[in-house]
Structures are given as C-alpha cells and as structure tokens.
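Right, one structure below, let's go through it.
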Amino acid sequence: MATDTGAYMVVEQRDGDGVGSTPHTKLVCLDLAGTTVGDSAMVERAFAEAIATQGIVPGTGAYARAMVHVHRSRGRPELDIFRAIFPGNEAQAQAANLTFQRAYAGVIERSGLIPLPGTVEALEKLRGVGIKVALLSSFNRTTLSRILDVLEWTDKLDLALSPEDAGRGRPWPDMILTAVLRLGIDDVREVAVAGDSESHMLSGRRAGASIVAGLLTGNHSRERLLAGGATHIIDSIADFPSLLLDPTRTPPQPGPPG
C-alpha cells in the first residue's frame, strides 16, 4: 500500500542493496511540458493542427482516435506519435511532424512560455546543493533551442537534450543515459527523474534511476504514472527538491499501488 507523507506520496523505492541504501542524488532529469512548463494545451493544439493538415479533421471518428493516441503517448517524440497515427506512410508522418514543429514554435513566439509555479526556485535549490540538472525533451533540437531561448534558462541547466541527441526518445532510456555519460555521473542510481507522463516513468525505470517521480501537473493520472513505474507521486515540481533532500525519508517496503 502506498503511503501518503504530505508533500509527496511514497509508492516504493528499491535497489540492489535494499531499501534505504540509495546513493545520494547527483543528477536530476526533468521534462518540459506539464513538468516544468505549463504548456500542455498549446502542445495538444499543435498536434490537432498537424493532424488536420493531413486530412484528419475535428468532428470525425478518426480525429477522436488520433487525439486519444496523442494523449496516451505524451512524452514520446512527436514523430513517433505521428508514425503511429499514419502507419506505413512515412511521408505523411514527416509532413505532420513538420507542421507540428512550426505550429508550436509560432505559438511560443507569440505567447511565450510560463514556468509552472515553483519551477525556477526548484532548479536553483537543486543546483545550489550541487545536483546537476538535465532537461530532456520530446521536441526536436530546433524547437528545444527556441524554447530555451524563450525561457532564458541557460544558466539554470547543466544540459538539455532532444531525442536526436541520444538516439531514441522516451519510453527508451537513451536520453537519461546520455545525460549520465555527458555529465560524468558514476552510478545510474544517483539519478532522479521527474515527469508527468507514463513514458517518463518507463524511461526512468529502464535507465535504473533510484527515484522516478510522477507529477500531477500534466496529462496523465496518478494511475497511469503508477502503471509506468513511478516510485513516488508528487503534486508538482515545487515538491521535488524536498523529496530528494529530506534526510528523514524512509520508504516503505514495495506494495501494490493504493
């Protein structure tokens, strides 16, 4: 049974040395939309626009099914999502992806981006105690660079990666492992991951991170996050530093989600 500890819910924590022996966190891997930036609605609008340009328009069953897939697949590379919507038609998937990137870039240039409450403070607190911060995004490198320019986060991050920087995007562990190698982390158990989708949880667990925290500020429910392997559930990124730095944290023995 999961245990509610107030600021966060401890679901489970386990490693090869037993409960309570997790090494000190030296690297955190965070996502953008729904985790550190509140632009989930903007992302879904860009998906809807991209799908519509390929003949799947609102009001149709095909559109409803496509958007359900978009919602379920959040956190994965956009091109992978379009490939699943347009199976066997690489040209159509590529065209939809290009439209998506242009639509989203246009929106952020017009409207800007707003960090979720407590995000900047969390980044500063983590780096202030010597923990490295990597931002891992499902966006391509061009879009990610635009986002970082808009946010002006250059001095708040140690690394920012897109799927093309690592080989594969989520739910594979490649981006996390690439961050481990580039930032000189000695042990994958020294990594903590925070994200708002099932694919974030899968990626973190596959990479061997000791803490894989599911955030309730995105599109996926507590149940979906637990299904993906979340070790902890927290309300938002503002609670993440407390989860990592609380010296009294004593996780319970693993049990079924409650």
Side-chain angles (χ1 to χ4, degrees), residues 30-116 134-154 157 160-172 174-175 178 195-200 202-203 215 217-220 224 228:
L30 309 175
D31 181 49
L32 273 166
T35 298
T36 54
V37 176
D39 66 344
S40 292
M42 294 163 58
V43 172
E44 296 220 355
R45 284 198 299 271
F47 268 113
E49 181 177 333
I51 293 167
T53 64
Q54 300 304 309
I56 300 181
V57 296
T60 65
Y63 176 85
R65 288 190 295 273
M67 292 307 293
V68 166
H69 179 74
V70 167
H71 179 80
R72 288 177 176 172
S73 303
R74 287 299 299 272
R76 302 188 179 209
E78 286 73 31
L79 182 56
D80 289 354
I81 296 174
F82 289 122
R83 282 172 172 157
I85 294 173
F86 304 106
N89 194 329
E90 181 67 13
Q92 199 170 19
Q94 291 282 356
N97 185 56
L98 181 59
T99 299
F100 171 88
Q101 303 297 342
R102 288 174 175 171
Y104 185 74
V107 169
I108 63 174
E109 287 173 5
R110 291 191 301 271
S111 306
L113 290 171
I114 300 176
L116 287 168
L135 192 68
L136 311 183
S137 173
S138 64
F139 295 117
N140 66 21
R141 169 48 62 180
T142 300
T143 302
L144 176 57
S145 296
R146 289 177 178 173
I147 290 171
L148 295 176
D149 287 342
V150 171
L151 291 172
E152 298 182 342
W153 278 3
T154 304
L157 305 171
L161 295 174
S162 67
E164 61 201 87
D165 296 319
R168 296 177 297 179
R170 305 180 190 99
W172 312 115
D174 300 32
M175 287 198 292
T178 298
D196 63 286
S197 74
E198 183 179 20
S199 64
H200 293 113
L202 288 167
S203 179
L215 277 59
T217 46
N219 288 275
H220 286 178
R224 287 291 302 277

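Keep in mind that this is a model prediction, so the values were computed, not measured.
- Taking all atoms of both residues into account, the shortest heavy-atom contact from Ala166 to Thr178 is CB-OG1, 3.3 Å.
- With hydrogens and angles left out, the side-chain atoms of Ser197 and His200 include a donor and acceptor closer than 3.5 Å.
- Rounded to the nearest 0.5 angstrom, Leu151 CG and Leu113 CG are separated by 5.0 Å.
- Ile51 places a side-chain heavy atom less than 4.5 Å from the side chain of Met67.
- Here the side chains of Pro171 and Arg76 are in contact, with some heavy-atom distance below 4.5 Å.
- Once rounded to the nearest 0.5 Å, the distance linking CG of Leu116 with CG of Leu215 reads 8.5 Å.
- Residues Glu78 and Ser138 bring a donor and an acceptor atom of their side chains to less than 3.5 Å of each other.
- Applying the side chain to side chain contact (heavy atoms under 4.5 Å, CB included) test between Leu135 and each of Leu32, Thr35, Asp31, Leu161 identifies Leu32 as the sole match.
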Q. Given the rule in the side-chain contact (heavy atoms from CB on, under 4.5 Å) test, do Val43 and Arg74 qualify, once you have shown the distances and angles that lead to the verdict?
A. CA-CA 10 Å; Val43 172; Arg74 287 299 299 272; 3.6 Å; yes
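- No side-chain heavy atom of Ile81 sits less than 4.5 Å from a side-chain heavy atom of Phe100.
- The pair Arg141-Glu164 does not count as a salt bridge, with every side-chain nitrogen at least 4.0 angstrom from each carboxylate oxygen.
- Under the 3.5 Å distance criterion, the side-chain polar atoms of Gln101 are left unmatched by any main-chain donor or acceptor of Thr143.
- Nearest approach of Ala103 to Ala46, heavy atoms of both residues: CB-CB, 4.1 Å.
- Counted within 6.0 Å of CZ on Arg72, heavy atoms from surrounding residues, nucleotides or ligands total 12 or fewer; the atom is thus considered open.
- The two residues Ile56 and Ala66 have their closest heavy-atom pair at CG2-CB, 4.5 Å.
- Annotation: ring-ring contact (aromatic ring centres under 6.0 Å, His included) contacts involving residues 65-89, sequence neighbours excluded, comprise Phe47-Phe82, His71-His220.
- Using a 4.5 Å heavy-atom cutoff, the side chains of Leu136 and Arg170 are in contact.
- One N or O on the side chain of Thr60 and one on the backbone of Val57 form a donor-acceptor pair closer than 3.5 Å.
- Put simply, CH2 on Trp172 and CG on Asp80 are 9.5 Å apart, with the number rounded to the nearest 0.5 Å.
- Side chains of Thr154 and Leu148 form no contact here, defined as non-hydrogen atoms less than 4.5 Å apart.
- Atom CD1 in Ile147 sits 11.0 Å away from atom CD in Glu109 (nearest 0.5 Å).
- Residues Val150 and Arg146 form no side-chain contact, since every pair of their non-hydrogen atoms from C-beta on lies 4.5 Å or further apart.
- Residues Asn219 and Glu44 are in side-chain contact: their nearest non-hydrogen atoms beyond the backbone lie under 4.5 Å apart.
- The closest side-chain donor-acceptor pair between Asp196 and Thr217, if any, does not fall under 3.5 angstrom.
- Looking at Arg168 and Met175, their side chains never come closer than 4.5 Å, going by heavy atoms from C-beta outward.
- What you find for Leu144 and Ser137 is that their closest heavy atoms are CD1-CB, 3.8 Å.
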